[in-house]
Amino acid sequence: MAAILTEYLDSFVRSCDDKKLIAIPLAVLVLSLLVSGFVFATTGAPVKLGMEFEGGTMIAFETQESAEALELAYSAHSIVDARKTGDRAILQFGPMDGESQSEIEKAITSKYSSVEIKQIGALYGKELQTQALIALCLSFIGMALVVFLIFRTAVPSLAVVLSAFSDIAIAIGFMNLVGIELSLGTVAALLMLIGYSVDSDILLTTRVLKRRGSPDENIGRAMHTGITMTTTTLAALVVMYIVSTFSYLVTSSVSQINLLSDIAIVLIFGLVADLMNTWLLNTGILRWHVRRSTPRRRRT
Amino acid sequence: MREEEVPKGLKNDIRVWLLIAAVVLSVVMIGPGYSAEEGLNTDLNYGLDLEGGSWIQIKLQGAVTQLDADISMLVTEIVESAIDAPIEIISVTGDEGEGYSNDGNTVTFTTSTYVSGLQMDLLGLGASDISFSDDTSSIVLSTNKQTLIMQYLSKALNTEVVPLFVGDGVEYEIRTAVSLEELQTLMVPVGGNVLTGSGGDVIFREGVRTETRDMTRDILSEKLNSLGLKDIPVRTVGEEYILIDFAGTDLTTAKEIVEKPGKFEIRMQTTGNESVHVLYGDSIEKVGIVTQMDGHWNTPFTLDEDGAFALQKIAIETGAIADPNSHLLYMYLDDNEVYGAPLSYSAASALDEHPIYSWQASTGADEDGKTQADQLQIHLRAGALPVNVVLMGSGQVDAALGDQFKRQVVLAGLFALLAVAVVVFRRYHQKEILLPMVGTSLCEVIIILGFAGAVNWQLDLPAIAGIIAAIGTGIDHLVIITDEVLYEGKLPSTKVYMERISKAFAIIFAAAATTTIAMSPLVVMGFGALRGFAITTIIGVLIGVLIARPVYGKVIKVVLDKAE
């Protein structure tokens, strides 16, 4: 699959001019920014905040009862949502005082088995929000600095930073579209994305700037390596996503591992965006830069 | 792991041996073993989400600030509310500046009611000299500003306020939740304000001093130990959080342990329903085992020096040494009375001479007395938390679920590796490349796990996600090396090969540097779960770049040479 994709992409990149190459990913970027901007305007956050950032209580356990029955049973408390995957029920409560909290916990732990509880105070959630935002910004700035230190030229460095930014923006836009909440797991995934996305960009930029041969040739070779890298990672992530999310289809009592499932799905979409951003956006900018700054005879 | 497959040409390479040593050492650290009861087991520590247990995160409420106020207004506010009559300030002597003064101040004031020496002493402002004539009390009070502010605030907020001298100023630690606005409002009647720093911003921060935080942590730790819960880690997170992991305990029990008992205090009755503070639980040094003496059940406990002197001082001041039966000793837990009894006559008369360190709280002769003594033992031993705390977050994963997560994670890891292997094989169609690549990845996993075992790290789900992230970038890097070596489709001469390897490593180091930098904010900021994730990712990337991947570069050359 990777080979077909590489071949197709390679010939597409060769046949298109730089403007067109750059235009496609930029359009997607603008679209995702619009989606997130709309969400920001309506909710005050660029992506729906999960329980860890909003505050509240999540309780999961094994039961044969239906989600509706459970929602009714705990309707006296500030229940927000009740879901079931296989034999596991997941109840989501809004913030509540310590006493009713303990009461519910006691009731559920004594009645059901395989109980998982997670409770975050609203104040602490707020604090986590700020910290996550700071971490994300610092990570991005740190990454940008390292990239500038490595290449020491403005345009190629900017191209790398722009495509990393675009990866994250598209991943967030995707989260909004599909309805994935921001959790500690998804924050981790966005940070990981910074690391992963830069890998292939650095490979591309190094190959094009520091190798002899025509830009198109170098791009083609880098693409060969880069797409292999991304597809291996994608393969691992898809497997991780399936195992952590859909194991209950095999054995219905098995729980989802939300943290790994969140990380995997956001990374999968981030990396698909990265394929586009690296091999269209970054490549387009880089090729334009190289052709502009080297004599015409280099052109093929 | 793959040492027996290392071809001869590599035997002289120190990096190869380094990798082998690291892998062997790691295997020792992981300590895999097999026993009939437990099946396959290792020395690795697992986090709560894989082992089962619960965690609780609490926030210490408080504020640290610098304040100033007017001395005569402070005295007026404090004394008037205590004696219920207006006073008139005659004079204030001494330095009235913001800073700390050793000399203190002398405040002279008069009032139209009778004021007793005891009344003044109980305010805790300092020594006073009272004269009463012509229906007017004239009082000369030796005090200082920090004591006045401290007493004023602790009364107004009903909490402990601890002044500390910092540089040329006084810092007040208020041990309950108070906002800047509340504090500012509170300072208005005493002509005071919250001081501003040189930059023009107010000197006020929420939270408590590091020492107070650590004291709270230690008291909690001790409390857990005394309940027989050894090895329960009580950690501080940031300046104002304390995180407690209860392995193998459910959340309900964990909360009960942490929440009750809470703030322990001994007070002594003054008159009627009034009582005065003697000491907090942190003055209780040792609590003995419940014993029966003369048919009565007893909980013995020992006070530290401060506590023993405080008790003597108060007993003398309230008159308990002369008349114990009208000055009972009360013990409070979270402001609920848990014990109340008079001093014994022998103790009362002894206190007249010297402080007493060893005490026994007698509870009665019957079965009820024994139960009460047992309860009291826990309350006393628990000690007081010096600050108010509030639950910020908590969680629980029960052991069966943890076990299931563990199995699932291993399964996910194995399948992921398999998927990667399939993609790599489809790309290169050579098992000579596939085997070293997968082998290198496995080595990296083993070394990361070995490292975790060596530093006694708790492997939890975020940490495992970190390992997966490190391995993911690892495979990427191995692909870069491979493609670089096979740049023109064929294996080059050694000289060209070395050049290419260094080119490949230039890319890899750059990529590793960005990943490390991108993760480091999380390590420093230390917010709970993601910290473990960031640290494992960084360690994994470093192990890969410095130990495992260079060897892969060597091995792939030898292996491909042979294949050709």
Whatever's closer than 4.5 Å to a heavy atom in chain B on A:L203 counts as both

Cut-off 4.5 Å, heavy atoms of chain B, and the answer for A:S113 is backbone

Assert top hit (heavy-atom pairs under 4.5 Å, partner chain B, pool A:M192, A:K210, A:Q101) equals A:M192

So, the part of B:F415 with a heavy atom under 4.5 Å from chain A: the answer is both

Of A:S139, A:G125, A:A189, the largest count of non-hydrogen pairs under 4.5 angstrom with chain B goes to A:S139

Okay, A:L260 and chain B: the region with an atom under 4.5 Å from a heavy atom over there is side chain

Whatever's closer than 4.5 Å to a heavy atom in chain A on B:F509 counts as neither

Counting heavy-atom pairs under 4.5 angstrom with chain A, the leader among B:A510, B:A400, B:A534 is B:A510

Is it true that A:T225 and A:T228 share a donor-acceptor pair across their side chains at a distance under 3.5 Å?
no

If one checks every heavy atom of B:Q408 against chain A at 4.5 Å, the contacting part turns out to be both

ask   = Do B:D250 and B:S54 have side-chain atoms, one donor and one acceptor, less than 3.5 Å apart?
value = no

With a 6.0 Å cut-off (strictly less than), is the heavy-atom count around NZ of A:K106, excluding the residue itself, greater than 12?
no

Side chain to side chain, A:V115 and B:V397, heavy atoms closer than 4.5 Å
no

Honestly, the part of A:E103 sitting under 4.5 Å from a heavy atom of chain B is neither

Does either side chain, that of A:Y196 or that of A:T230, offer a donor lying less than 3.5 Å from an acceptor on the other one?
no

Using a distance-only test with no angle check, is there a side-chain donor-acceptor pair under 3.5 angstrom linking A:S261 and A:N258? no

Practice problem: Check step by step if side chain to side chain contact (heavy atoms under 4.5 Å, CB included) holds for B:S394 and B:K255. | Solution: CA-CA 9 Å; B:S394 57; B:K255 275 187 181 169; 4.0 Å; yes

The interface call for A:T109 against chain B, heavy-atom contacts under 4.5 Å, is side chain

How about B:D483 and B:Y428: does a side-chain donor come under 3.5 Å of a side-chain acceptor? yes

Okay, B:I480 and chain A: the region with an atom under 4.5 Å from a heavy atom over there is both

Under 4.5 Å to a heavy atom of chain B? For A:V243 that would be both

Report task. Cation-pi check, B:K59 to A:Y124: give yes when NZ or CZ is under 6.0 Å from the six-membered ring centre and within 45° of the ring axis, no otherwise. Result -> no

Bottom line for B:I468: the part with an atom under 4.5 Å from chain A's heavy atoms is both

Quiz item: Is it the case that more than 12 heavy atoms not belonging to B:K503 sit under 6.0 Å from its NZ atom?
Solution: yes

Review point. Will you find, in the side chains of B:D476 and B:T473, an N or O donor that is under 3.5 Å from an N or O acceptor?
Key: no

Heaviest contributor of heavy-atom pairs below 4.5 Å to chain B, chosen from A:A235, A:S244, A:A188, A:G226, is A:A188

In terms of heavy-atom pairs under 4.5 Å with chain A, the winner among B:I508, B:I507, B:V420, B:L461 is B:I507

Interface check, chain A: of B:L401, B:D49, B:T514, B:T515, most non-hydrogen pairs under 4.5 Å belong to B:L401

message = Does B:Y552 form a side chain to side chain contact (heavy atoms under 4.5 Å, CB included) with B:T482? I'd like the steps, not just the answer.
response = CA-CA 9 Å; B:Y552 174 78; B:T482 314; 2.7 Å; yes

Among A:V238, A:L234, A:L191, the residue with the most heavy-atom pairs under 4.5 Å to chain B is A:L191

Check: B:E499 and A:R211: salt bridge (Lys or Arg N to Asp or Glu O under 4.0 Å), yes or no, with the steps?
Finding: CA-CA 12 Å; B:E499 253 170 54; A:R211 292 293 148 86; over 6 Å; no

Applying a strict 4.5 Å limit to non-hydrogen atoms, the region of A:L259 in contact with chain B is side chain

The interface call for A:S255 against chain B, heavy-atom contacts under 4.5 Å, is both

When the 4.5 angstrom heavy-atom criterion is applied to A:V254 and chain B, the contacting part is both

Chain B shares the most heavy-atom pairs under 4.5 Å, among A:I242, A:L136, A:I194, A:T206, with A:T206

**Request:** Show your working on side chain to side chain contact (heavy atoms under 4.5 Å, CB included) between A:L91 and A:M58 and close with a plain yes or no.
**Result:** CA-CA 6 Å; A:L91 306 186; A:M58 185 279 290; over 6 Å; no

Okay, A:E127 and chain B: the region with an atom under 4.5 Å from a heavy atom over there is side chain

